[in-house]
Amino acid sequence: MLYSAKTYDSQQRLSRWVRTGENADVPGTTAEGLKQYRRLFRNNINNTLTQAYPISLEVLSNEQWNKMVDGFYANHDAQTPHVWKLPFEFYQFARESDYAQKYGFPFLNDLLYFEWLEIDVYTMPNKYPEPFKENGDAMNDLIEVNREYSLERLEYPVHLYAAKESLNHKGNYFLLTYRTPKDFEVKFLDMPPLHVLFFEKISNERLTASQIIDQLLVQNNEIPKEQLAQNILGFIQTMMEEKVFLGFSENYLN
């Protein structure tokens with residue numbers, strides 16, 4: 001059933017009041033009732049965002065935070081029906097509105113994204129591994145990777161330093177955010193570029209450590225093979241301990 005023009009107009013007026021606080025003159029309502037209605041809706045949004053972004057909330061002043069929330073609430077047309085996904089849209093809104101520049105906090109986009117990643121990885125769909133064994137040949141066996149992860153590049157190392165201190169360490173940083181099996185704990189690992197290369201070749205190209213070494217030596221034969229082998233074996237051991245690598249892939253004999 002289609003709404004009448006009058007009903008539709010009243011809904012639009014109510015929506016505008018709830019989102020902006022601007023006088024909308026909604027028929028059949030009282031000023032006090034409208035205030036309570038707006039307060040409840042705005043508080044629900046604010047509570048969702050403060051739970052998602054505790055570090056950003058601490059870094060920003062109350063005025064700065066409230067300005068961002070009010071701007072988001074008034075001007076952003078949410079695309080998701082799920083309240084728990086709103087923090088990602090808030091991050092997008094803050095980035096597109098350039099609050100990092102407005103507030104003089106160049107690290108703000110990275111900080112918001114870093115905090116969102118914890119939610120995103122924690123709630124990601126289960127990705128079940130192929131059969132694997134715990135023991136194997138780290139140099140020559142294929143490795144089964146924990147697929148519940150996100151690998152991202154950051155300009156400011158907000159995962160390593162206090163947010164404002166990260167300003168003094170601008171560069172290229174690679175953050176691996178992953179969820180551990182069974183207990184679903186979200187963890188973070190800072191990865192140097194060489195280890196990112198190892199990780200992507202093991203995870204995406206499905207190469208063994210020895211194959212990776214051979215590839216790299218073809219590209220640059222000045223690297224000592226023993227040094228490269230020691231580095232990748234240490235990397236594999238660490239990733240096994242951290243549950244990023246789960247074990248060694250089973251070999252099927254047909």
Side-chain angles (χ1 to χ4, degrees), residues 91 95 106-107 109-114 116-118 120-121 124-161 165-181 185-254:
Y91 153 72
R95 184 188 62 194
F107 58 80
N109 291 337
D110 279 353
L111 179 59
L112 290 169
Y113 192 54
F114 167 58
W116 161 251
L117 280 171
E118 183 172 8
D120 190 36
V121 171
M124 69 166 41
N126 294 337
K127 298 180 180 181
Y128 300 102
E130 294 294 328
F132 65 89
K133 54 188 178 182
E134 293 185 0
N135 298 315
D137 183 345
M139 187 61 71
N140 297 299
D141 286 350
L142 290 174
I143 292 172
E144 188 60 34
V145 178
N146 176 0
R147 296 289 170 182
E148 298 173 347
Y149 73 85
S150 178
L151 180 59
E152 308 290 341
R153 188 187 73 84
L154 300 178
E155 190 173 16
Y156 294 94
V158 291
H159 58 298
L160 298 176
Y161 301 94
E165 174 61 24
S166 72
L167 285 170
N168 299 319
H169 305 275
K170 181 180 178 181
N172 285 313
Y173 295 88
F174 295 92
L175 172 65
L176 182 72
T177 307
Y178 67 101
R179 189 172 69 187
T180 57
E185 181 182 358
V186 176
K187 293 187 176 182
F188 306 95
L189 279 178
D190 180 71
M191 298 178 66
L194 181 60
H195 288 181
V196 172
L197 177 66
F198 291 161
F199 180 78
E200 290 186 333
K201 287 189 175 295
I202 290 171
S203 178
N204 300 329
E205 298 182 33
R206 300 294 290 155
L207 298 180
T208 65
S210 62
Q211 289 172 328
I212 295 171
I213 291 173
D214 289 342
Q215 273 194 3
L216 294 179
L217 289 176
V218 169
Q219 297 168 8
N220 186 351
N221 58 15
E222 295 182 2
I223 305 174
K225 184 174 182 179
E226 295 76 13
Q227 179 182 334
L228 198 55
Q230 184 177 7
N231 194 316
I232 196 170
L233 288 174
F235 166 74
I236 291 172
Q237 180 179 351
T238 297
M239 299 296 264
M240 290 285 187
E241 293 170 353
E242 295 294 333
K243 303 302 181 184
V244 179
F245 293 164
L246 302 177
F248 300 94
S249 299
E250 290 277 12
N251 292 321
Y252 295 98
L253 299 176
N254 294 327

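The first residue in the sequence is number 1, and the count goes up from there.
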Of all the heavy-atom pairs spanning [X] and [Y], show the shortest one and how long it is.
X: Tyr156; Y: Pro106; result: OH-CB, 3.3 Å
X: Val121; Y: Glu148; result: CG1-O, 4.1 Å
X: Leu233; Y: Ala138; result: CD2-CB, 3.8 Å
X: Ile236; Y: Phe245; result: O-CD1, 4.0 Å
X: Ser150; Y: Leu117; result: OG-CD2, 3.7 Å
X: Ser166; Y: Phe107; result: OG-CB, 3.6 Å

Looking only at the side chains, is there a donor atom on one of [X] and [Y] sitting less than 3.5 Å from an acceptor on the other?
X: Gln237; Y: Glu241; result: yes
X: Thr208; Y: Asn140; result: no
X: Asn168; Y: Glu165; result: yes

Mark yes when over 12 heavy atoms from residues, nucleotides or ligands other than [X] sit less than 6.0 Å from its [atom1]; otherwise mark no.
X: Gln230; atom1: CD; value: no
X: Glu134; atom1: CD; value: no
X: Lys243; atom1: NZ; value: no
X: Asn135; atom1: CG; value: no

[X] [atom1] to [Y] [atom2] distance, which is reported to the nearest 0.5 Å:
X: Leu197; Y: Ile212; atom1: CG; atom2: CD1; result: 7.5 Å
X: Phe114; Y: Leu111; atom1: CZ; atom2: CG; result: 8.0 Å
X: Leu194; Y: Leu216; atom1: CG; atom2: CG; result: 7.0 Å
X: Arg179; Y: Lys127; atom1: CZ; atom2: NZ; result: 9.0 Å
X: Met239; Y: Leu246; atom1: CE; atom2: CG; result: 10.5 Å
X: Met191; Y: Glu152; atom1: CE; atom2: CD; result: 12.5 Å

Query - Backbone N/O of Trp116 and side chain of Asp120: donor-acceptor pair under 3.5 Å - result: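 Checked: no pair found.
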Query raised in the report: Checking side chain to side chain contact (heavy atoms under 4.5 Å, CB included) for the pair Glu205/Gln211: CA distance, chi angles, key distance, verdict?
Result: CA-CA 11 Å; Glu205 298 182 33; Gln211 289 172 328; over 6 Å; no
Query raised in the report: What pairs of residues pass the ring pair (Phe, Tyr, Trp, His ring centres under 6.0 Å) test when at least one of them lies in residues 132-152, not counting sequence neighbours?
Result: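 The answer is Tyr149-Phe199.
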**Report entry** Partner of Ile213 by side-chain contact (heavy atoms from CB on, under 4.5 Å), out of Leu207, Ile232, Asn231
**Finding:**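 It is Ile232, the one option of Leu207, Ile232, Asn231 that forms the side-chain contact (heavy atoms from CB on, under 4.5 Å) with Ile213.
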Query raised in the report: Applying the side-chain contact (heavy atoms from CB on, under 4.5 Å) test to Asn146, which of Ser203, Pro181, Pro129 qualifies?
Result: Pro181
Query raised in the report: Can you list the steps and then say if Ile143 with Met240 is a side chain to side chain contact (heavy atoms under 4.5 Å, CB included)?
Result: CA-CA 10 Å; Ile143 292 172; Met240 290 285 187; 4.2 Å; yes
Below 3.5 Å, can you tabulate the donor-acceptor pairs from side chains in residues 170-178 to any protein atom, sequence neighbours excluded?
residue, atom, partner, partner atom, Å
Lys170, NZ, Glu155, OE2, 3.3
Asn172, OD1, Arg153, NH1, 2.5
Tyr173, OH, His169, O, 2.6
Tyr178, OH, Glu242, O, 2.8
Tyr178, OH, Glu242, OE1, 3.2

**Report entry** Partner of Ser249 by side chain to side chain donor-acceptor pair (under 3.5 Å), out of Glu130, Arg206, Lys133
**Finding:**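 When side chain to side chain donor-acceptor pair (under 3.5 Å) is applied between Ser249 and each of Glu130, Arg206, Lys133, only Arg206 qualifies.
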